[in-house]
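For reference, the structure is listed below as structure tokens.
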Amino acid sequence: NTTTIQSATIPVLNQTVNAQSWMASEYNFWFNSTFLWMPNWKWLTFIAIIFGGLLLKTLLEYLVLSMQKSPQFRGKVHGFVLHFLETKISKPIAWILTSVFWRESIENLALPTILNKYLLFLLQMNLSIFVIMLAYRGVDAFGKVLEDITAKTENTLDDQLAPLAPKSL
């Protein structure tokens, strides 16, 4: 059920040309011609990397959310990890991993120097923002663990001090 191009001869300007070699040369010419200082194949790969990263982000968000809601997983964890899973960590984790994917892909694509420099800078900023966001959520989870520990003691002073610890971090 596969369709192949028949090797036929096509008269072109009083010449006989093989159909397969003609198509291959046309594709080769189009992929290697440049648009805005880059070959077309790099533009297509760059666009595929962007859409692939967005698809990866959506998939990772879904996986982390399903892991957070899974009773089998939640039954196995306790303490800090349980409180950390109760926070909204799906978006930062997905963006962090997507930024790493984009960064590695763009470095391997060997874009023009200026474009590469600014794209990597933007990706590094994106990565930094979401790592900081995830760290804040971790500090909130740590504060909830402290509140759980201090709730078990009879002293009321530590109950009042526990909510201040995450704010100072």
Side-chain angles (χ1 to χ4, degrees), residues 23-24 26-151 158-169:
M23 286 183 60
E26 285 297 312
Y27 285 134
N28 192 21
F29 173 75
W30 188 83
F31 280 122
N32 288 325
S33 58
T34 59
F35 175 72
L36 293 177
W37 308 285
M38 249 178 20
N40 288 341
W41 69 268
K42 281 191 181 185
W43 283 112
L44 289 174
T45 308
F46 179 65
I47 291 168
I49 287 170
I50 290 172
F51 284 119
L54 292 174
L55 181 67
L56 177 70
K57 182 194 97 46
T58 305
L59 179 68
L60 289 172
E61 248 183 276
Y62 173 75
L63 288 174
V64 173
L65 277 173
S66 64
M67 183 184 71
Q68 284 179 306
K69 294 178 183 177
S70 169
Q72 294 90 3
F73 186 74
R74 291 176 67 87
K76 294 178 183 176
V77 296
H78 59 281
F80 174 77
V81 177
L82 181 64
H83 289 295
F84 191 62
L85 286 176
E86 290 173 351
T87 62
K88 297 179 180 179
I89 59 170
S90 61
K91 196 170 278 190
I93 288 176
W95 274 111
I96 288 169
L97 294 175
T98 302
S99 295
V100 169
F101 167 74
W102 277 336
R103 186 169 199 265
E104 293 302 317
S105 299
I106 287 174
E107 280 184 355
N108 289 327
L109 191 55
L111 296 173
T113 308
I114 294 174
L115 180 62
N116 194 28
K117 178 176 128 180
Y118 288 116
L119 283 174
L120 291 178
F121 175 75
L122 288 173
L123 287 172
Q124 193 66 33
M125 292 299 295
N126 189 39
L127 182 65
S128 301
I129 288 169
F130 286 104
V131 165
I132 290 169
M133 186 183 294
L134 192 63
Y136 272 118
R137 304 237 167 106
V139 168
D140 288 342
F142 178 69
K144 290 179 184 177
V145 169
L146 284 179
E147 288 177 12
D148 288 347
I149 292 171
T150 58
D158 58 2
D159 293 339
Q160 295 171 0
L161 290 177
L164 297 176
K167 292 178 183 174
S168 66
L169 291 176

Approximate separation, where rounding is to 0.5 Å, of [X] [atom1] and [Y] [atom2]:
{"X": "Leu65", "Y": "Lys88", "atom1": "CG", "atom2": "NZ", "answer": "10.5 Å"}
{"X": "Ile89", "Y": "Ile96", "atom1": "CD1", "atom2": "CD1", "answer": "10.0 Å"}
{"X": "Leu134", "Y": "Ile129", "atom1": "CG", "atom2": "CD1", "answer": "14.0 Å"}
{"X": "Thr45", "Y": "Leu109", "atom1": "OG1", "atom2": "CG", "answer": "6.0 Å"}
{"X": "Leu63", "Y": "Leu59", "atom1": "CG", "atom2": "CG", "answer": "4.5 Å"}

Taking all non-hydrogen atoms of both residues, which atom of [X] and which atom of [Y] are closest, and how far apart?
{"X": "Leu56", "Y": "Leu97", "result": "CD2-O, 4.5 Å"}
{"X": "Gly53", "Y": "Thr98", "result": "O-CG2, 3.2 Å"}
{"X": "Leu60", "Y": "Ala94", "result": "CB-CB, 3.9 Å"}

Inset, instruction - Quick one: which residue pairs count as a side-chain hydrogen bond (donor to acceptor under 3.5 Å, both in side chains) with a foot in residues 51-60, not counting sequence neighbours? - result: Lys57-Glu61
Note, [X] side chain near [Y] side chain (heavy atom, < 4.5 Å):
{"X": "Leu123", "Y": "Phe101", "value": "no"}
{"X": "Tyr118", "Y": "Leu122", "value": "no"}
{"X": "Phe46", "Y": "Leu115", "value": "no"}
{"X": "Ile106", "Y": "Leu120", "value": "yes"}

Inset, instruction - Sequence neighbours left out, what passes salt bridge (charged side-chain N to carboxylate O under 4.0 Å, His left out) with Glu104? Give chain and number order. - result: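 With sequence neighbours excluded, Glu104 shows a salt bridge (charged side-chain N to carboxylate O under 4.0 Å, His left out) to no residue whatsoever.
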Inset, instruction - For Arg137, check salt bridge (charged side-chain N to carboxylate O under 4.0 Å, His left out) against everything at least two apart and list the hits. - result: none
Inset, instruction - Using only heavy-atom distances, determine whether the side chains of Thr87 and Asp140 contain a donor-acceptor pair under 3.5 Å. - result: no
Legend entry - Ser66 backbone acceptor or donor facing Ser70 side chain under 3.5 Å: no
Inset, instruction - Would you confirm whether Gln124, through its side chain, and Arg103, through its main-chain N or O, come within 3.5 Å as a donor-acceptor pair? - result: no
